[in-house]
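Report on one structure; see the data block that follows.
Side chains included, hydrogens not; waters and symmetry mates left out as well; all remaining heavy atoms used. First listed ligand is number 1; within each ligand, the first listed atom is number 1.
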Amino acid sequence: YHRVHGEVPGFIPEWKQVPDETGKPYTDIIYEKAVGEGIAKITINRPERRNAFRPHTVKELMRAFNDARDDTTIGVIIFTGKGTQAFCSGGDQSFRGKNGYSDYDDFGRLNVLDLQVQIRRLPKPVIAMVAGYAVGGGHVLHMVCDMTIAADNAVFGQTGPKVGSFDAGYGASVMDRLIGPKKAREMWFMARFYTAAEADKMGLINKVVPLEHLEEETIKWCREIMRNSPMAIRVLKSALNAVDDGHSGLQQIAGDGTLLFYGTEEGAEGKNSYLQHRKPDFSKFPRLP
Ligand code: S0N
């Protein structure tokens, strides 16, 4: 009973590390799945840089998120940083060139923007588990997650105006939605840092817990989500993002509608009639009010 309902205080699942699709270990991240729980955990593993990301880190993150999306046993994804000092300190400034960030390529890119879109569109909840700093592009990453559980040592803030950068995409618009236009301007224009308690009060995060209970609390939230209908959660995530994401938000929720329709007798009649070289008979299906 307790295993299923997750009500044993302090119970942390058994994590199994997942290699990349070629069977090799990831270098910049750790990707794990909780055995028998439907929970995946993706960890930025560059603690010596306060988990700053370089283009390669982002590429690995995208591959892991993609795997978690495709794995039908996974229902919720935890996104975190290695250690207790940082969730993520944003783009690794030592890889920043004239036209973006570059590591193995000799041209710059801002591929973290693609990762942000991927998290928004992923039809499963993504929970940011934040200990320490979530700043710069790392702050935007927690904001695009569906929920954020923070340790009491967490620090939130944007640094762009101090280091000569800005995120004028989701970094601005999602923040405006979360904390309102006045606070969003304060956060961006002043580039101040905020404690977990302040962030909680601002509506930037969902819950603050003592550092030593961070994973336990996050797992509790994951288990609570796992008890609920995956389709209901899928459609709700699309719906909650739809207005802000414009046409792509509409496309996501419309895709959910099509997905559900394919499972109906009415949808199947269209396909079957085509394959059976006959006219479809939709007469038996009600014209619902
Ligand atoms: C996080 C901070 C506050 C932690 O301070 P603390 O605990 O005192 O540690 P430090 O001694 O400062 O750091 C430990 C080591 O880690 C290195 N390091 C930390 N952060 C970074 C980083 N972001 N890049 C590279 N190195 C980092 C330190 O250098 C130190 O190493 P050693 O010991 O070798 O000196 C503090 O570290 C801090 O303020 N960090 C910088 C935060 C920051 O400004 N981040 C970048 C902000 N910008 C973005 O994230 C842009 C993101 C992006 O990709 C983007 C997206 C959309 C549109 C535009 C952009 C864009 O690029 O502009």
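Residue Y101 has at least one N or O atom closer than 3.5 Å to an N or O atom of ligand 1. An N or O contact shorter than 3.5 Å links S165 to ligand 1 by distance. Between T159 and ligand 1, a contact under 3.5 Å exists for at least one N or O pair.
Looking at D167 against ligand 1, both its backbone and its side chain come within 4.0 Å, counting heavy atoms. Proximity of V140 to ligand 1, defined as any heavy-atom pair under 4.0 Å, is not found for any part of the residue. When non-hydrogen atoms are compared, ligand 1 lies under 4.0 Å from neither the backbone nor the side chain of V155.
Ion pairing of E186 with K183 is present here, as a side-chain N (NZ or NE/NH1/NH2) and a carboxylate O approach within less than 4.0 Å. Between K59 and D20, none of the side-chain N atoms (NZ, or NE/NH1/NH2) sits under 4.0 Å from a carboxylate O, so this pair counts as no salt bridge. The pair E269-K284 fails the salt-bridge criterion, with no side-chain N (NZ, NE, NH1 or NH2) lying under 4.0 Å from an Asp/Glu carboxylate O.
The nearest pair of heavy atoms linking G138 to F87 is O-CE2, 3.4 Å.
Of the candidates S89, A168, G160, G90, it is S89 that places a heavy atom closest to atom 41 (C) of ligand 1. Selection from Q158, E48, R49 by nearest heavy atom to atom 26 (N) of ligand 1 gives R49. Atom 7 (O) of ligand 1 has its nearest heavy-atom neighbour, among R109, Q85, Q93, R50, in R50.
The nearest protein atom to atom 60 (C) of ligand 1, hydrogens excluded, is given as L110 CD2, 3.6 Å; this is a heavy-atom distance.
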